[in-house]
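The structure appears below as structure tokens.
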There are 2 protein chains.
Amino acid sequence: MTDQRRIAGLPGLGEIGLGNFAPYLMNRIMGRYNASLRADLAGLGLTTPKMRALAVLSVIDAPLIRELAVYAVVEQSTLSRALDQLAGEGLIQRETDAGDSRATRVHITEAGRAAFGAIWPQMAAAYARMFQGIPEDERRAFVATLQKMLGNIRKHDF
Amino acid sequence: MTDQRRIAGLPGLGEIGLGNFAPYLMNRIMGRYNASLRADLAGLGLTTPKMRALAVLSVIDAPLIRELAVYAVVEQSTLSRALDQLAGEGLIQRETDAGDSRATRVHITEAGRAAFGAIWPQMAAAYARMFQGIPEDERRAFVATLQKMLGNIRKHDF
DNA sequence: CAGAATTAAATGCGTTTGCAAATATCCCGG
DNA sequence: CCGGGATATTTGCAAACGCATTTAATTCTG
């Protein structure tokens, strides 16, 4: 089967090797990163979608919910429910868009910024561990490649 | 708040910028990659955990379930149930380990290889799109950095 | 070598998720 | 300016998930 595939012109996962297949490595790394963070978040009454919404909102002002869903990498229905909770806890506010009453803009509150501030050190620590021993120029090249990849994904919209 | 953080010596997410924060970019990219794949998988009666198990098993022979969980980046309890389904569909076989009767080794069947073969082209296509326009040496450097990162998180076990 | 502690895997259970459908609003062609 | 189609968000619902616990077997310790 593997041989058939290769003859057809498409190298199989076996030929590439798990440890050389970038999407595998990225899932593996982010799986750990996210699982680690989730444990920390639980102690603060946060979930991954809630934290991601706060993270984006700490940087982007008053996006529409559908934009926030893209930035935060959360399904819109999941985000909708996460925002219910965040609003109930006073960490964000929803406001109907001025020019389009279907749409909703989301604002972070001071309490929301404080909540994100409380987890940021753990995120930064996980980040630091991840890149430990990797020199600055290599980090920059890595991020530059990621940015190209994001551009590709956006363009092709998958 | 942001200023307080910086004064304390820790740059905030605002200073770094979402688009320069590697974990954010990686989550963003893999979020799309995984969501896209999930849609393709649904048509084949597969879920992400089932596909990941098959992917790893197509490359690693007869791992223990706990090893498979690590390689496949799936919670052990989730994997246990995914394996129930895969076994029911004849795509894998579970076998008690010879030297330790608590442990179970998992084997992929020919049908399992075929099932993975059916989705691999889509995975490969998503991979190709992701790295479109990125030259070979840059890809190699990127993967090398990922391998270092995986080493870091493994060593520190988070 | 008994029994405590550890490890592997499966399972119970409440929560979360994602898809699809519903609801509400907007935009455009005729 | 009316109706059909598009768009923004929410919600219903069944499936999936993850944590904690259970069951079973192994290993360590005194």
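The chains referred to below are lettered A, B, ... by the order of the sequence lines, with proteins before strands, and numbering in each begins at 1. What you see is a predicted model; the values in this text were computed from it and never measured.
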Atom-to-atom span, CG of A:Leu64 to P of D:dT10 - whole angstrom: 11 Å
Shared hydrophobic cluster for A:Leu150 and A:Val73 (ILVMFWY, side-chain gaps under 4.5 Å): no
Set of side chain to side chain contact (heavy atoms under 4.5 Å, CB included) partners for B:Asp137, sequence neighbours left out: B:Pro135, B:Arg140
Given DNA chain D, 5'-ward residue of the pair B:Gln85 and A:Asp84, judged by closest heavy atom: A:Asp84
Whole-Å distance separating the CG atom of B:Asn34 from the C1' atom of D:dC17: 15 Å
Shared hydrophobic cluster, B:Leu18 / A:Ile108 (ILVMFWY, side-chain heavy atoms < 4.5 Å): yes
hydrophobic_cluster_shared for B:Leu57 and A:Ile16, side chain cutoff 4.5 Å: yes
Contacts of type salt bridge (charged side-chain N to carboxylate O under 4.0 Å, His left out), residue A:Glu89, not counting sequence neighbours: A:Lys50
Those residues of residues 99-107 of chain A lying under 4.0 Å from DNA chain C by at least one heavy atom: A:Asp100, A:Ser101, A:Arg102
Nearest-angstrom distance from the residue atom CG of A:Leu79 to P of C:dG18: 11 Å
Nucleic acid contacts of residues 65-75 of chain B, taken as heavy-atom distances under 4.0 Å to DNA chain D: B:Glu75
Salt bridge (charged side-chain N to carboxylate O under 4.0 Å, His left out) against A:Arg94, all qualifying residues, sequence neighbours excluded: A:Asp84
Trace of the side chain to side chain contact (heavy atoms under 4.5 Å, CB included) decision for B:Tyr71 with B:Arg52: CA-CA 9 Å; B:Tyr71 287 127; B:Arg52 288 188 178 177; over 6 Å; no
More than 12 heavy atoms from other groups under 6.0 Å of CD on A:Gln93: no
Whole angstrom value for the distance that separates P of C:dC19 from CD of A:Gln76: 12 Å
Positive for side-chain contact (heavy atoms from CB on, under 4.5 Å) with A:Leu86, one of A:Thr47, A:Leu79, A:Leu91: A:Leu91
Residues, nucleotides or ligands: over 12 heavy atoms within 6.0 Å of A:Glu138 CD: yes
Residue list, salt bridge (charged side-chain N to carboxylate O under 4.0 Å, His left out) with B:Arg81, at least two apart or on another chain: none
Criterion side chain to side chain contact (heavy atoms under 4.5 Å, CB included) on A:Leu13 and B:Met123, from CA distance to verdict: CA-CA 10 Å; A:Leu13 183 55; B:Met123 295 177 67; 5.6 Å; no
Estimated bend of the helix from C:dC1-D:dG30 to C:dG30-D:dC1 (axis per five terminal pairs, rounded to 10 degrees): 30°
Strand-adjacent residues in residues 90-97 of chain A, judged by heavy atoms under 4.0 Å from DNA chain D: A:Arg94
Evaluation steps, side chain to side chain contact (heavy atoms under 4.5 Å, CB included), between B:Met51 and B:Asn34: CA-CA 11 Å; B:Met51 174 276 283; B:Asn34 291 327; 5.8 Å; no
Strand contacts (DNA chain D) in residues 38-57 of chain A, 4.0 angstrom heavy-atom criterion: A:Arg38
Test log, rule side chain to side chain contact (heavy atoms under 4.5 Å, CB included), inputs B:Leu68 and B:Leu83: CA-CA 11 Å; B:Leu68 182 56; B:Leu83 293 176; 4.1 Å; yes
Any residue meeting side chain to side chain contact (heavy atoms under 4.5 Å, CB included) with A:Asp97, in chain and number order, not counting sequence neighbours: A:Leu64, A:Asp100, A:Ala103, A:Arg105
Aromatic ring pairing B:Phe142/B:Phe131, orientation class (parallel under 30°, perpendicular over 60°, tilted between): perpendicular
What are the atom names and distances for every N/O pair under 3.5 Å that joins the protein to nucleotides 12-15 of chain C?
from, atom 1, to, atom 2, distance (Å)
C:dG12, O6, B:Arg81, NH2, 2.9

Path from B:Leu37 to A:Ile29 over hydrophobic side-chain contacts below 4.5 Å: yes
Which residues share a salt bridge (charged side-chain N to carboxylate O under 4.0 Å, His left out) with B:Arg139, sequence neighbours left out: none
